[in-house]
4 protein chains.
Amino acid sequence: MSIPPDIVCLDDYERRGRARLPADIQAYIGGGAADGVTLRDNREAFARLRLLPRALADLRGASAAASLFGLRLEAPVIAAPMAWQKLAHPEGEFAMATGAAAAGAGCIASCQASVDMTELARHSPAPLWFQLYPQPRREDTLALVRRAEDAGYRALVVTVDAPVNGVRDAEQRCGFRLPAHVRSVNLDGFAQATATRAQPARSPVFRGLIDAAPGWDDIAWLRAQTRLPLLLKGVVHPDDADRSIALGADGLIVSNHGGRVLDGMPAAIDLLPAVARRVDGRIPVLMDGGVRRGTDVLKALALGARAVLVGRPLYWALATAGAAGVAHALAMLATEFEAAMALTGRPTLAAIDATVLAFPPR
Amino acid sequence: MSIPPDIVCLDDYERRGRARLPADIQAYIGGGAADGVTLRDNREAFARLRLLPRALADLRGASAAASLFGLRLEAPVIAAPMAWQKLAHPEGEFAMATGAAAAGAGCIASCQASVDMTELARHSPAPLWFQLYPQPRREDTLALVRRAEDAGYRALVVTVDAPVNGVRDAEQRCGFRLPAHVRSVNLDGFAQATATRAQPARSPVFRGLIDAAPGWDDIAWLRAQTRLPLLLKGVVHPDDADRSIALGADGLIVSNHGGRVLDGMPAAIDLLPAVARRVDGRIPVLMDGGVRRGTDVLKALALGARAVLVGRPLYWALATAGAAGVAHALAMLATEFEAAMALTGRPTLAAIDATVLAFPPR
Amino acid sequence: MSIPPDIVCLDDYERRGRARLPADIQAYIGGGAADGVTLRDNREAFARLRLLPRALADLRGASAAASLFGLRLEAPVIAAPMAWQKLAHPEGEFAMATGAAAAGAGCIASCQASVDMTELARHSPAPLWFQLYPQPRREDTLALVRRAEDAGYRALVVTVDAPVNGVRDAEQRCGFRLPAHVRSVNLDGFAQATATRAQPARSPVFRGLIDAAPGWDDIAWLRAQTRLPLLLKGVVHPDDADRSIALGADGLIVSNHGGRVLDGMPAAIDLLPAVARRVDGRIPVLMDGGVRRGTDVLKALALGARAVLVGRPLYWALATAGAAGVAHALAMLATEFEAAMALTGRPTLAAIDATVLAFPPR
Amino acid sequence: MSIPPDIVCLDDYERRGRARLPADIQAYIGGGAADGVTLRDNREAFARLRLLPRALADLRGASAAASLFGLRLEAPVIAAPMAWQKLAHPEGEFAMATGAAAAGAGCIASCQASVDMTELARHSPAPLWFQLYPQPRREDTLALVRRAEDAGYRALVVTVDAPVNGVRDAEQRCGFRLPAHVRSVNLDGFAQATATRAQPARSPVFRGLIDAAPGWDDIAWLRAQTRLPLLLKGVVHPDDADRSIALGADGLIVSNHGGRVLDGMPAAIDLLPAVARRVDGRIPVLMDGGVRRGTDVLKALALGARAVLVGRPLYWALATAGAAGVAHALAMLATEFEAAMALTGRPTLAAIDATVLAFPPR
Ligand SMILES: Cc1cc2nc3c(=O)[nH]c(=O)nc-3n(C[C@H](O)[C@H](O)[C@H](O)COP(=O)(O)O)c2cc1C
Ligand SMILES: Cc1cc2nc3c(=O)[nH]c(=O)nc-3n(C[C@H](O)[C@H](O)[C@H](O)COP(=O)(O)O)c2cc1C
Ligand SMILES: Cc1cc2nc3c(=O)[nH]c(=O)nc-3n(C[C@H](O)[C@H](O)[C@H](O)COP(=O)(O)O)c2cc1C
Ligand SMILES: Cc1cc2nc3c(=O)[nH]c(=O)nc-3n(C[C@H](O)[C@H](O)[C@H](O)COP(=O)(O)O)c2cc1C
């Protein structure tokens, strides 16, 4: 499982990764909700933005290093929380964390990790964050928080954009089901809501499922339970950003869940500016969705992000070459990002603002 | 005729439905006028609209139920009037009405139904509306109205957008002709205008055909004949909306007839806002054309519609699996719609407005 | 040579016509200048425009008939002047004129006709216009004018947009050359400029060729020579429109020569509004380029044209079925146009204005 | 190696040229940075611009001739500096210079030429400019300047947009490496920075490579060393244009390096207007990137350029037919340009301004 020589950018890992996985797991990893409009737009919106270089800038002592809630990063890039990584590699989340650490990137363990969260933190060469789905029963949620604190996770990322499952047509068509050796081990014994699946009968969404959905009161309650930094992932409306801050959130992650939940949402990078403007520096805003190039990282920072998360490419890299693949992918991204900083004449992250864009969005 | 397992969204029925039908009937059902510009735009315009979710909203007691001119609906979705449904299934309109009722959706019988309208109403598990093409002779029109009243139809939908046939190239190329066992049984014995077909001679449109076209006076006359709610289908100009209300219309359906009549019309969803603004709540405005996803229903309601009609997908579902297919298609749509309501934080139809759109049209 | 049954719109003739012609003649007829940007845009610009129907309009006594400089037309449609029609059919221009007359359309004979202009006028069932390229020697131009007058042509169309040949890559690549039996018979014995062809030497455009190009003084001179109505074809700049009127032009034809001369020109329909606004009814403005549908005719009239010319589709129809093909093509167009008038509620040409457009250009 | 008869425009040389070269050299010549967004946009942005012809203009004595920093040109077109031309043809830069001179075009020798710069100037039938990459050691830079002066180069073009290599995925994937007989002979013995290549380790950009990047002080220093006209190539920000002029630059070349360095930059032609407006005639502004047609040259001049550079097409022409190919390509371009001038009614370069554009950019 070494790194194939024809891999020269993040996208190259998709082809290689797919070649190693059965169709239904490919559909699970690569798919988006419904017609994939948002999934595609996540990429296209980055491509629509244009950068305006500066010539001959002074770049002595330049650095892309970032520091964020207990993470020291070579570049402002973090591995996104993604469920069940054993689907792609026998070492699953262990390999992801190791690869991210090797590249000096951050890493967020999913609530639906396929390995024990305590073991994971122990073996990770660098500190991690923990992504939390509020559970139907508060006692279960609290158990997860305590384990995260005890294991040394440096922050909690509460994902708030998936109260119901997305309309995942590709997965459904493939009949994706978890193989026997993969499951959300950290949720063992917890109460679960049942899955949304259209039936020739009545809709299940408003008859049961939705009762398990978390509300703002759950965030307030959670805030009171822990002193770990709390980030809300999936906040995209400026009013919700305000409310998050009012309830004590320490950070926000603007995200459309990689286009996996509500198809027809704007591209993540198009959602960022309004949120960043409203937050106006009160707390760090991060983003994810469609980041594939160093120039994407630059564009996200130009529009107000403090860092970005990367999802699918790392899943494919994991499938292709395990920890080494993840590290390689993240290092390529950092190199591209530094080159983009250099060409736009920005020696530090602080020097990156909307003026790197040729035609800033209104 | 059971539901194939790979059908996970409305579009999937097209492939399956086509496989069961000869080419000319496929062309009749699926085709649009001329170059299909409007047909395609009906879909693309929905895809251009973007939704802005709300996080952590309170959704307790949420419901998508609607009530409209005698119909009680699980979701604001109605089967559009479509001619000659025996083309797709031996039980034709009976199966359509049964399927719609099973899913808690409304259903409009076409004036060109291939089954007896009185029988249809009698066997339908739920009340229906009747779609009326004003006939060349008023006595014939009146006969239809009386039959509709007697059979218990709850509303009359007068289609006003097809005074001449569309330029249906696809059908013409296939040489579509009604098979022997299918015809507009409810028009038996009525006078008919002859069909438009380009000939190397002079144009037939302004030499005869157009004389049979209905005018505003026919609407006024019709209004005086019946106490059934009267909806005009195919009104797209705000001035025509005003005039309709002045003449006593109880509802409007903004429609381009699924892109089947005048190619080059705007997408139906792009026509809706101006009409809805002009009507300003005086009477309910519905729309159809290109609705394929729960998010489309949400977008239509956000732009002023009280409900939507769905056409072709139900024809394909009928061909694929009869009443069960229709029910399944409509249930999938309702489920998707509820999920979209949940993710945008709207517990009721009344809570849906233009703020669910990320970039509302001006 | 009868009309194939699968021909239901103008575009269908292209496929059929091509099948009957060698590749180089196809390239000559169908090609555009350089990269074909303008050629494609001529069509796409029509497709971008949207029509707004009116319901239930009073259409009694409706008619699409037009009258223009000696032509009485069933619909405001004229066969464009196109060179060397014997390339497509042994009867060449005779068949074109016959077909146009049969459909009640106008017809313009090209200066580069492959049949004798006097014979052509004599055999044509309806009056014609004559298209004139000012010749390098004024005496030759004058000879053409006199012949046109004597033969009974009703107007002169002076084409002013082709002082140098277009960059016709497709033709060049095919090595298009006129076959032995086809030539500009009406120019026999006249002085000619030599053709533009890039060579590894110096450019020939500014070294000789351009000296033969006509100027405004030639138009003034021409105006003084004849009392025939004078139309300038290829005027697209509002200032040039003014100047044309000042010099006594009786009509203008907004045209980009079907995208055959300067690639990168706007679509013809996009050029029309500014010219029509400037002319402001002082003289009739016509247009051509990309007209393929009755709705295109309607759009052109909505934006200020009094009539449209149709080019390539008639060349293909000629190749496919001679005069009958031309008549059939033009009748289909007229039928579609009447249907479009009916659906937008316009009983006469005078009733057509920018309000038929859903989103009129600014 | 004669000119194939099916070559009728610049683009045709790409197909022919590629057929003569191995895949990795094709990738080197034809490729762009990263995803090729800027590479494609260079072309598409030209295609988006529309020209507005003038009819019947007086073109007597018309000429496209230009004079610029010691070059007398048949048309305002110059062969762009491109490295290692022996990759395409055994005579490399000698053939390029000969071809350009034959067509009356300018020519810029690359700093990374594969032939001796002194020999090149001696054998060139017409004067050349020299493109300079500031070297890590100033003494090396100075040596190049002195050689250029001594050899009779008429201007220095300092390329400032490539302080780090672009992310050249296509090349990397092909494993492009210089063959043994090709190298930057004029840099023999000079100190070089090492190449950027993403590695699973840390990023090399900010750890070493960037120290070799030139700064504004290097320009100031260079200005003091030579009296040759100094042009800066790759200045795209209006503020950088100002600074260049302040430091004594004699000309600017707006360029994105053919989309080879920072993917996501605007198309070159879209970068031009803001720079031209800021410079406001103080010094000549040139541009390159995507020029393939005479109409492109016209558009560039309309938006403020005094001349354009052409890159890749000449590399392909060189590969196809050596000096003759280069001459032929440039002559075709000049012919097309003269035709475009004629059709827009501009007899001289001075007469070309934004009014040739139908819809000038704001
Ligand atoms: C296979 C997969 C599983 C995911 N699982 C989770 C998860 O468990 N929790 C979560 O908050 N987000 C999850 N996400 C969303 C990611 O955290 C992230 O928002 C998204 O992948 C970013 O978009 P990108 O893939 O385009 O980079 C998942 C995404 C993928 C692709
Ligand atoms: C096969 C077919 C037959 C139709 N017949 C009728 C009809 O008889 N009366 C009518 O008012 N509309 C008719 N329509 C139009 C539909 O009521 C509806 O406006 C349209 O199908 C909505 O667009 P959609 O198919 O994209 O959902 C028909 C549509 C189709 C596809
Ligand atoms: C094969 C061909 C030959 C033409 N020859 C002439 C001509 O001799 N004189 C002229 O004024 N226009 C000529 N034109 C241009 C047409 O008159 C007309 O402007 C153009 O074809 C309209 O565009 P369309 O083909 O898209 O309808 C020619 C066009 C074609 C396609
Ligand atoms: C193969 C190749 C090599 C190049 N080498 C150089 C170079 O050595 N120095 C330089 O300033 N620009 C170099 N360029 C950039 C060109 O000078 C020019 O900016 C670019 O090719 C213009 O875009 P075009 O190829 O679309 O015409 C090179 C371009 C290519 C295609």
Side-chain angles (χ1 to χ4, degrees), chain A residues 3 5-9 11-12 43 46-65 74-75 99 102-104 292-296 298-299 321 324-345 347 355 357-359, chain D residues 33-35 37-38 41 134 158-175 196-207 209-211 213-219 232-241 243-244 256 261-267 270-271 274:
Chain A
I3 294 166
D6 61 349
I7 293 199
V8 299
C9 69
D11 272 339
D12 291 337
R43 302 289 304 270
F46 271 119
R48 283 192 293 266
L49 294 170
R50 289 281 176 278
L51 295 168
L52 190 56
R54 299 302 303 254
L56 300 161
D58 187 351
L59 296 165
R60 274 164 300 185
S63 160
E74 285 286 314
R292 299 295 179 267
R293 288 285 183 184
T295 46
D296 296 338
L298 186 68
K299 290 168 182 176
V326 171
H328 176 237
L330 288 164
M332 286 194 298
L333 194 64
T335 302
E336 289 184 7
F337 177 56
E338 291 191 5
M341 286 177 69
L343 292 166
T344 52
T355 65
L357 297 174
F359 319 105
Chain D
D35 301 312
V37 169
T38 296
D41 204 26
V158 186
T159 299
V160 299
D161 62 5
V164 295
N165 276 339
V167 175
R168 300 268 188 76
D169 294 346
E171 281 172 42
Q172 285 188 24
R173 244 178 244 118
C174 288
T196 301
R197 176 75 164 84
Q199 316 249 3
R202 294 299 189 268
S203 153
V205 176
F206 284 162
R207 313 233 167 140
L209 252 191
I210 208 63
D211 304 337
W216 287 105
D217 52 339
D218 295 296
I219 303 301
L232 301 193
K233 175 168 182 279
V235 167
V236 299
H237 196 291
D239 292 350
D240 289 345
R243 193 154 177 185
S244 306
N256 52 32
V261 175
L262 181 66
D263 198 30
M265 283 185 67
D270 287 339
L271 285 163

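Sequence lines set the chain letters: A, B, ... in the order given, protein chains first and strands last, and positions in each chain run from 1. What you see below is based on every heavy atom in this structure, not just the backbone, and it leaves out hydrogens, waters and symmetry mates.
Here the closest non-hydrogen pair linking A:D6 and D:R173 is O-CG, 3.5 Å. Here the closest heavy-atom approach between residue A:A47 and residue D:V37 is recorded as O-CG1, 4.0 Å. Among all heavy-atom pairs drawn from A:L343 and D:P163, the shortest one is CD2-CD, 3.4 Å.
For D:V160, the parts lying near chain A are the backbone and the side chain together; criterion is any non-hydrogen pair under 4.5 Å. Heavy-atom distances place both the backbone and the side chain of A:R54 under 4.5 Å from chain D. There is no contact between A:L330 and chain D, counting heavy-atom distances below 4.5 Å. Only the backbone of D:D161 comes within less than 4.5 Å of a heavy atom of chain A; no side-chain atom from C-beta onward does. No part of A:F337 comes within reach of chain D, as not one of its non-hydrogen atoms sits under 4.5 angstrom from that chain. The part of A:T295 that comes within reach of chain D is its side chain, from C-beta onward, which places non-hydrogen atoms under 4.5 angstrom from that chain. Looking at D:D217, there are no atoms closer than 4.5 Å to chain A (heavy atoms on both sides), in backbone or side chain.
Taking OG1 of A:T344 as the start and CE of D:M265 as the end, the distance is 10.5 Å to the nearest 0.5 Å. Atom CZ of D:F206 sits about 6.0 Å away from atom CG of A:L59, to the nearest 0.5 Å. Expressed to the nearest 0.5 Å, how far CG of D:D169 lies from CD of A:E336 amounts to 6.5 Å.
Most heavy-atom pairs under 4.5 Å with chain A, from the set D:D270, D:N256, D:D239: that is D:D239. Interface check for chain D: of the options A:L56, A:D11, A:L49, the most heavy-atom pairs under 4.5 Å are formed by A:L56.
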Report task. Determine, stepwise, if the pair A:R50 / D:D41 fulfils side-chain contact (heavy atoms from CB on, under 4.5 Å). Result -> CA-CA 11 Å; A:R50 289 281 176 278; D:D41 204 26; 3.4 Å; yes
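Between A:R292 and D:D35, no side-chain nitrogen of the basic residue sits less than 4.0 Å from a carboxylate oxygen of the acidic one, so the salt-bridge criterion is not met.
With A:L52 as the partner, the side chain to side chain contact (heavy atoms under 4.5 Å, CB included) test is satisfied by one option alone out of D:D240, D:V236, D:L262: D:V236.
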